[in-house]
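Please read the structure below before turning to the comments.
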4 protein chains.
Amino acid sequence: MLAPHSKYSTRPGSVDDFPRLIRDAYRTSYFGRPGASFLDLPADFLRGPGPVGEDLKEVHPLPESPKPAGDDNQIAKAAAVLRNARAPLVVIGKGAAYARAENEVRELINATGVPFLPSPMGKGVVPDSHPSNVSSARSAAMKGTDVVLMLGARLNWIMSFGEHPKWNPEARIIQVDISAEEIGKNAGTAELGITGDIKIVVPQLLRHLNGWRWNVAGSAFSKQLRAAKDKNEATATALAQKSVVPLSYERAFEIIKRTLHSLSPAEEGGICYVSEGSNTMDISRSIFPLEHPRLKLDAGSYGTMGIGMGYAIAAHEAYNGPKAKASSGPTKRKKIVCLEGDSGFGFSGMEVETMARHKMDILIFIINNGGIYSGDSNSEAEWKERQQRTATGELGSDSLRGSTLGWEVKYEKLAEAVGGKGYFVRTSDELAKAAKEGFQADVPVIVNVIIESIWKGPIVSAAKLIGLNVH
Amino acid sequence: MLAPHSKYSTRPGSVDDFPRLIRDAYRTSYFGRPGASFLDLPADFLRGPGPVGEDLKEVHPLPESPKPAGDDNQIAKAAAVLRNARAPLVVIGKGAAYARAENEVRELINATGVPFLPSPMGKGVVPDSHPSNVSSARSAAMKGTDVVLMLGARLNWIMSFGEHPKWNPEARIIQVDISAEEIGKNAGTAELGITGDIKIVVPQLLRHLNGWRWNVAGSAFSKQLRAAKDKNEATATALAQKSVVPLSYERAFEIIKRTLHSLSPAEEGGICYVSEGSNTMDISRSIFPLEHPRLKLDAGSYGTMGIGMGYAIAAHEAYNGPKAKASSGPTKRKKIVCLEGDSGFGFSGMEVETMARHKMDILIFIINNGGIYSGDSNSEAEWKERQQRTATGELGSDSLRGSTLGWEVKYEKLAEAVGGKGYFVRTSDELAKAAKEGFQADVPVIVNVIIESIWKGPIVSAAKLIGLNVH
Amino acid sequence: MLAPHSKYSTRPGSVDDFPRLIRDAYRTSYFGRPGASFLDLPADFLRGPGPVGEDLKEVHPLPESPKPAGDDNQIAKAAAVLRNARAPLVVIGKGAAYARAENEVRELINATGVPFLPSPMGKGVVPDSHPSNVSSARSAAMKGTDVVLMLGARLNWIMSFGEHPKWNPEARIIQVDISAEEIGKNAGTAELGITGDIKIVVPQLLRHLNGWRWNVAGSAFSKQLRAAKDKNEATATALAQKSVVPLSYERAFEIIKRTLHSLSPAEEGGICYVSEGSNTMDISRSIFPLEHPRLKLDAGSYGTMGIGMGYAIAAHEAYNGPKAKASSGPTKRKKIVCLEGDSGFGFSGMEVETMARHKMDILIFIINNGGIYSGDSNSEAEWKERQQRTATGELGSDSLRGSTLGWEVKYEKLAEAVGGKGYFVRTSDELAKAAKEGFQADVPVIVNVIIESIWKGPIVSAAKLIGLNVH
Amino acid sequence: MLAPHSKYSTRPGSVDDFPRLIRDAYRTSYFGRPGASFLDLPADFLRGPGPVGEDLKEVHPLPESPKPAGDDNQIAKAAAVLRNARAPLVVIGKGAAYARAENEVRELINATGVPFLPSPMGKGVVPDSHPSNVSSARSAAMKGTDVVLMLGARLNWIMSFGEHPKWNPEARIIQVDISAEEIGKNAGTAELGITGDIKIVVPQLLRHLNGWRWNVAGSAFSKQLRAAKDKNEATATALAQKSVVPLSYERAFEIIKRTLHSLSPAEEGGICYVSEGSNTMDISRSIFPLEHPRLKLDAGSYGTMGIGMGYAIAAHEAYNGPKAKASSGPTKRKKIVCLEGDSGFGFSGMEVETMARHKMDILIFIINNGGIYSGDSNSEAEWKERQQRTATGELGSDSLRGSTLGWEVKYEKLAEAVGGKGYFVRTSDELAKAAKEGFQADVPVIVNVIIESIWKGPIVSAAKLIGLNVH
């Protein structure tokens with residue numbers, strides 16, 4: 001069942017096969033484009049007798065992944081195109097983060113002055129605070145650019161598939177990817193594709209650019225980006241400052257960000273974020289800046305829900321587990337912080353038990369709007385009014401029936417159930433206090449943040465369509 | 001992905017297809033051997049425009065499943081074999097319950113005097129209190145019988161695959177099943193197979209038996225069964241009366257049974273049980289008698305975990321939902337009671353939110369032993385000692401590390417989180433009180449019952465086998 | 001790979017598993033709705049050592065399939081509906097043939113006088129020569145009927161899915177099938193579904209009909225059918241008599257039929273037909289009458305090509321092989337006659353080698369039109385002219401380029417290659433002679449019958465669509 | 001069904017999708033490790049109306065595959081290891097041929113003097129006649145080497161999985177492959193893996209070797225290889241000269257090789273070979289030298305039968321079709337020559353019709369031993385005697401029953417059937433004459449070469465194992 005969804009999927013025929021297959025699972029996972037391996041270890045083998053200890057055949061330690069470089073001829077062509085760009089743009093994807101190419105990409109951005117746009121999981125490869133970051137002028141960047149350098153990014157739904165009218169249809173695309181098959185997958189001619197590991201390709205490109213620097217100051221593109229940035233950032237600031245109850249997404253994220261940063265400044269990279277849930281993930285993306293790579297895990301290209309708690313546990317193990325300590329010397333610990341939609345959390349919420357059992361001090365914010373509303377109210381205005389009257393206690397929570405989830409569910413109790421801490425918050429002050437204490441706790445913490453609901457209008461009732469009169 | 005695991009699996013191409021495909025999904029699910037249908041209704045169709053209401057093509061109401069009868073010639077042969085049996089046995093499976101054949105099967109048992117053995121989900125087709133029930137003489141019955149009449153039961157792992165030495169290898173098997181392909185699937189010659197709906201076949205068989213009655217009183221088989229029954233029931237009673245802390249499985253179930261029956265006598269059939277988790281499911285099976293059919297849902301032939309909460313919600317809807325009321329007139333409500341292992345509950349525990357949102361007064365017992373222990377203690381005795389010292393507070397719960405789940409996790413808080421009620425109990429008295437209040441509540445209730453742990457010895461550490469020195 | 005396309009699909013883990021799995025493969029194939037089982041016997045087991053002979057565990061002989069009867073209550077309802085029919089129709093499907101219900105169905109047709117329509121593989125259950133056969137008034141029957149009794153037939157594409165306007169939308173459908181899931185699958189309410197084996201159900205129905213006979217003579221439906229039959233049969237006769245070169249489908253089949261029947265009269269049932277290829281299969285269907293069941297194998301519900309030679313070999317083994325002789329006493333041999341389209345034959349034509357090696361005297365007619373023409377001629381008229389000029393040698397066969405297969409390919413040489421006989425025929429006389437000799441031969445025979453081609457107009461050239469300028 | 005077996009598998013939703021999906025199918029097939037794409041073009045789209053011609057959206061021409069280079073740091077390490085080798089060996093795989101790296105690999109071999117071993121489809125990248133080719137000292141090379149440079153080759157069954165005792169277990173492996181996931185797949189540490197296109201990597205390696213040349217003359221390894229070569233070649237020569245009837249494999253291939261080379265010398269590269277059938281493929285491999293790359297197509301890593309005719313048609317189109325002419329200027333035509341086992345040929349033999357229809361002058365040798373014998377003769381000696389007596393006509397071909405195919409089947413008639421030429425040959429002279437005429441023909445030709453059979457001993461009779469007494 002998992003074979004079509006993983007790079008490697010098998011089951012050992014005996015305990016003797018374990019070392020070889022475990023090595024092979026890791027090898028396939030790490031080598032080439034990274035991906036999941038699945039190894040089904042049967043319980044009877046795990047509990048049964050077997051050649052444990054010395055009888056076990058040793059396997060060779062797995063070396064670093066053998067990384068491809070780029071073809072110098074193609075890179076020379078790409079460099080020539082880039083040097084002639086009127087409005088160049090670098091798109092930094094998660095491939096750049098996986099390749100651990102932050103030093104190389106930062107040098108590229110600094111040396112050339114070209115503006116850049118990070119993908120959600122490419123954030124922090126170059127610090128979000130970098131002046132060349134045009135995330136808040138995203139639409140203007142996509143429409144205005146004439147040469148795009150894609151570094152391990154996909155033209156997927158987050159990137160509007162690279163299509164007109166979001167993108168300039170005349171733009172030429174230089175696509176760098178570790179997987180040749182990704183090149184030209186969506187819009188684009190694949191004409192300037194470079195297959196290679198970004199950590200190797202970017203220095204090759206810099207050599208071919210030979211000191212070239214884009215005329216940032218004199219460019220019309222630069223001015224358009226500046227203007228768009230100013231406008232969009234002003235709007236965001238206004239939204240973040242509007243203090244209402246229930247809280248808005250923007251206000252809640254602002255408080256969380258401000259509090260966490262006061263305890264662990266962004267530039268120190270002491271926090272790894274995990275996020276899931278469609279609105280929570282989308283809106284938080286632009287609010288939480290990242291100054292270092294690989295500190296953001298979210299649902300990825302397919303928007304799969306249910307991945308949050310598993311990601312958080314994995315991130316905790318990767319950053320703070322015994323292997324992290326053993327291999328990297330005295331690393332600074334990282335706090336794992338989850339920003340969870342309430343629907344998304346529901347898929348894997350029981351895993352807080354795992355966190356507690358393994359003493360993982362993960363901090364989970366549940367951005368709780370009771371799910372999406374598709375009930376019987378006739379308009380968004382009426383729906384908002386009902387919410388406010390429910391918040392004040394004037395109406396019972398029944399008047400909100402029709403949301404996909406209950407109103408003000410006390411998710412924080414799940415943390416209490418396993419020996420962690422829970423907070424239920426409705427206001428900015430409550431949230432700030434909970435965020436601070438949660439960050440400082442050494443147990444799993446759930447901060448349950450009640451926010452405004454979203455009205456999506458009626459769902460077609462499947463029941464109405466059935467018309468069955470089943471006996 | 002679901003096609004190999006369901007009878008029907010499809011996705012509509014447009015909203016217009018909904019009625020036809022919904023009907024077809026139900027039709028395929030109900031007709032023949034019942035099974036799951038999967039229909040993937042895309043969100044954009046559910047929210048998008050469509051021929052709602054009058055524009056929708058009506059579909060015909062689905063008639064009753066067209067049921068097959070048995071072949072009278074085969075039934076005549078089977079009747080002849082049965083009449084000559086020295087030690088006949090009827091095995092009643094879930095197929096008899098699905099066929100709603102309780103009246104017919106009861107008549108068969110009463111008319112012939114043949115002893116019967118119900119499968120887990122076949123319980124209650126004939127009341128467990130019936131004197132011919134030989135559940136507590138199961139081994140003696142299987143070993144001693146010479147003619148077995150299988151009514152919708154499978155010779156699967158629960159039935160020891162029908163194999164020697166658990167079963168008499170000379171026994172002849174009369175197998176009645178709605179699916180011809182099931183006949184002879186495991187042990188047996190399929191020589192006396194009857195394909196047909198049990199509700200129709202059993203009356204046919206009674207006609208062919210023509211008033212025959214087994215010589216119960218004079219039979220050696222009967223005496224063997226009686227002796228085995230007496231012995232096994234005495235053992236069970238002793239176990240159930242032994243009051244220790246932590247509670248044993250048997251004691252906990254005894255208290256729950258006694259309390260629930262005092263509020264809703266077994267003969268009234270006012271409770272539908274749901275069960276999952278290997279020990280919880282196995283041990284509770286023999287303790288909770290059922291006097292009516294279709295009041296027990298458990299993990300079935302493949303022992304799948306994670307099905308408990310979904311089953312409970314479905315059972316609540318089936319027994320107490322609007323369709324139940326509409327179709328059956330003023331039915332007495334049924335209380336849904338779940339007996340959950342803590343591991344099993346973890347798979348789908350978040351669904352208590354769904355129960356609360358839909359105002360389902362489901363009563364959930366979590367039989368909480370902290371999962372299975374596979375840690376570092378060298379013997380079961382040492383492990384038991386640690387547990388007791390932890391229960392008294394002498395040791396911290398850390399000394400129990402190695403169980404697959406945390407010690408004394410407060411699962412009841414999950415009920416509180418959604419507006420239900422939670423109980424944490426360690427003693428017989430606490431359990432009796434919680435069971436009573438939980439039964440009477442009109443919200444979801446979790447009773448978290450701390451019981452003794454189970455020592456399973458060390459697990460082979462996959463980590464030890466790896467020997468990887470991954471960079 | 002084969003699991004989704006078979007009832008049973010597995011591979012033994014050792015030679016010891018062979019007897020059990022072979023038995024299980026047959027059991028699953030025969031029991032219930034018949035279907036293919038797939039057992040992958042690895043070569044190293046077949047050649048390796050193993051518990052051959054006495055060491056092998058015996059398996060029980062497989063009994064007859066345990067057959068379901070129909071529910072008498074449903075049958076009573078169906079009988080009532082049938083008795084009130086104004087224009088009843090029986091559709092006889094391959095299920096009736098698989099059930100070996102010919103005696104029962106013939107009695108039904110004779111006793112009630114109701115007209116019947118056989119499906120392609122249901123032909124011969126009642127002799128095609130029976131006066132109640134309305135095959136040649138098919139459209140009138142479908143449009144005029146008000147009550148349809150389906151006996152093991154599917155409302156698939158051959159039956160126009162049971163849909164308006166081909167069928168009377170008010171018609172009530174009584175569907176008898178061994179598989180409950182088939183009931184109501186296509187058009188129809190499934191309201192009068194009867195799950196059961198046709199051999200058992202039809203006598204049940206006759207008892208409930210209690211001597212009823214439809215008023216054949218006085219009925220308008222009867223007159224409509226008569227008129228349609230007369231008209232269609234006159235058209236068919238005209239087509240069959242028109243002697244042209246190249247031969248038409250109709251003429252070729254007429255010659256073949258007449259010759260074979262002169263050697264083996266239809267009523268003796270000495271020939272089993274196999275057919276594949278879309279036009280060959282469709283057109284021959286109405287021309288070759290069958291007087292006995294299970295003497296026609298064609299591509300079935302999905303129209304799969306490539307099945308012809310395998311079917312023929314299987315039919316030869318089933319009718320003339322050692323098991324046939326052993327189990328049925330001195331049966332008359334049956335000649336296997338294949339009517340193959342040239343395209344269809346190409347998929348499995350090499351299997352004539354298998355026929356020769358096993359001394360199978362199979363007679364294969366290849367109805368050879370050079371495949372379907374989709375070339376550059378602008379009209380059908382021009383295309384026909386080219387054919388005639390090619391036939392006379394005025395043009396080279398190159399002028400026919402564009403057909404999916406070559407012109408006048410000498411398929412008969414394939415028979416010669418393996419020690420069989422081949423005939424190449426263009427005229428009625430040549431065909432009659434070859435058919436006669438071929439029928440009398442005791443080796444595989446291929447009669448290669450050149451017929452007129454069919455013009456289907458231009459195919460969209462995929463090449464034109466590509467527009468690729470691949471390096 | 002094909003998705004797990006191809007790189008790309010889809011079906012267009014409309015004719016409009018054709019150009020984009022066809023481009024995508026080619027792109028995925030060519031980019032990265034080459035592999036098959038499957039596009040299912042429905043007949044109703046191909047025949048139906050559609051935006052043909054100008055209305056069709058143009059798609060961009062597909063550029064060259066974006067090729068990865070190797071990581072210079074890894075290559076430096078590999079070069080250091082190679083320079084210190086005592087007994088180096090280069091294994092040249094089909095990856096080197098796919099990468100069109102013949103000039104680069106030849107320079108490597110010539111510059112360094114290192115011996116090389118080609119894989120079946122890697123033959124000709126360096127001419128087989130090159131003195132460094134140690135194919136005929138294969139075992140000695142594998143056992144003696146201490147550093148292996150794998151260029152696009154797999155350690156699969158043909159390479160004995162790189163395992164002891166066939167290989168020196170201490171040998172270090174430098175593996176160059178375009179797919180990172182292939183590196184370290186079978187035996188080996190993957191320690192010296194280089195991911196990259198061989199055409200780019202080999203020149204990188206040569207730069208790092210910096211003029212290094214292995215001490216060929218003074219090396220013990222070199223002497224061992226020489227001795228093994230002399231011995232093995234003498235044996236082969238003896239086998240090839242032994243003229244018996246029926247012919248041996250070796251003798252038949254010797255005659256074919258000698259005749260074809262007299263018409264088209266190996267160094268001209270005018271022949272592309274296709275081969276299938278286990279013995280035919282294995283034995284011919286070492287007999288037919290190739291002086292140029294991409295002139296050998298055989299069953300590949302999985303030994304799939306049935307690929308021969310499809311390969312031959314594809315090779316003819318690739319080398320002699322309109323695209324070949326258009327893209328490469330005035331290329332010399334290549335003769336396609338198939339060496340087919342009779343069993344292998346049977347899977348797709350009907351495709352000679354396609355060859356004839358498209359005027360492809362493909363030359364097919366069928367190495368016809370009547371399939372593998374598993375019949376009732378008690379010894380190989382008795383079996384050989386029977387063959388000889390059958391060849392002389394003393395016994396009928398029935399005495400050979402038990403072979404998987406018929407004796408002396410006249411496959412050549414298949415060529416005659418479609419307008420090609422056929423030859424049936426038993427002796428060296430007949431074969432030489434047929435090979436010469438076949439090579440010079442401008443139609444498809446089948447030369448049916450009768451050779452000695454192979455005795456494999458009795459097969460376990462599945463029938464004996466069944467023991468079924470099916471009704």
Side-chain angles (χ1 to χ4, degrees), chain A residues 3-4 7-9 20 23-24 26-35 37 58-75 77-78 172-197 199-201 203-204, chain D residues 3-4 7-9 20 23-24 26-35 37 58-75 77-78 172-197 199-201 203-204:
Chain A
K7 286 185 80 177
Y8 180 94
S9 171
R20 184 175 59 82
R23 182 183 195 274
D24 223 33
Y26 275 106
R27 191 185 60 75
T28 311
S29 189
Y30 289 165
F31 282 21
R33 188 164 90 170
S37 286
E58 289 263 332
V59 293
H60 296 286
L62 201 60
E64 291 254 354
S65 170
K67 295 180 176 173
D71 176 353
D72 264 314
N73 293 330
Q74 277 291 90
I75 295 176
K77 277 191 232 166
R172 296 183 72 178
I173 294 176
I174 303 164
Q175 188 179 356
V176 183
D177 206 286
I178 199 168
S179 166
E181 287 87 349
E182 279 294 317
I183 289 173
K185 199 167 191 176
N186 287 316
T189 61
E191 164 212 359
L192 292 165
I194 296 164
T195 303
D197 189 274
K199 197 176 178 68
I200 302 180
V201 171
Q204 290 178 288
Chain D
K7 286 185 79 176
Y8 180 95
S9 170
R20 185 174 59 82
R23 184 185 196 273
D24 222 34
Y26 276 106
R27 193 186 58 76
T28 310
S29 190
Y30 289 165
F31 282 22
R33 187 164 88 171
S37 287
E58 289 263 332
V59 294
H60 296 286
L62 201 60
E64 290 255 352
S65 171
K67 295 181 176 174
D71 177 353
D72 263 314
N73 292 328
Q74 278 291 91
I75 294 175
K77 276 190 232 167
R172 296 183 72 180
I173 295 174
I174 302 164
Q175 187 179 357
V176 184
D177 206 286
I178 199 169
S179 165
E181 287 85 350
E182 278 295 316
I183 289 174
K185 200 168 192 176
N186 287 315
T189 61
E191 165 212 358
L192 291 165
I194 296 165
T195 304
D197 189 275
K199 198 177 177 67
I200 303 181
V201 171
Q204 290 179 288

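Hydrogens, waters and symmetry mates are skipped; everything else that's a heavy atom, side chains included, is used. Computed from a predicted model, the values in this text were never measured in an experiment.
Comparing A/Gln204, A/Lys67, A/Arg33 by how many heavy-atom pairs each has under 4.5 Å with chain D, the most go to A/Lys67. Listed options D/Ser29, D/Ala69, D/Gly196, D/Ala3 were ranked by heavy-atom pairs under 4.5 angstrom with chain A; first place goes to D/Ala69. When the candidates D/Pro66, D/Gly193, D/Gly70 are compared by the number of heavy-atom contacts under 4.5 Å with chain A, D/Pro66 comes out ahead. For chain A, the option among D/Ser179, D/Gly32, D/Pro68 with the highest count of heavy-atom pairs below 4.5 Å is D/Pro68.
Both the backbone and the side chain of A/Ile183 come within less than 4.5 Å of a heavy atom of chain D. Of the atoms belonging to A/Asp71, heavy atoms from both backbone and side chain fall under 4.5 Å from chain D.
The distance from atom NZ of D/Lys185 to atom OG1 of A/Thr28, rounded to the nearest 0.5 Å, is 7.5 Å. The distance from atom OG1 of A/Thr195 to atom CD1 of D/Ile178, rounded to the nearest 0.5 Å, is 7.5 Å. To the nearest 0.5 angstrom, A/Asn73 atom CG is 7.5 Å from D/Ile200 atom CD1.
Here the shortest heavy-atom pairing between D/Ala180 and A/Arg27 reads O-NH1, 4.4 Å.
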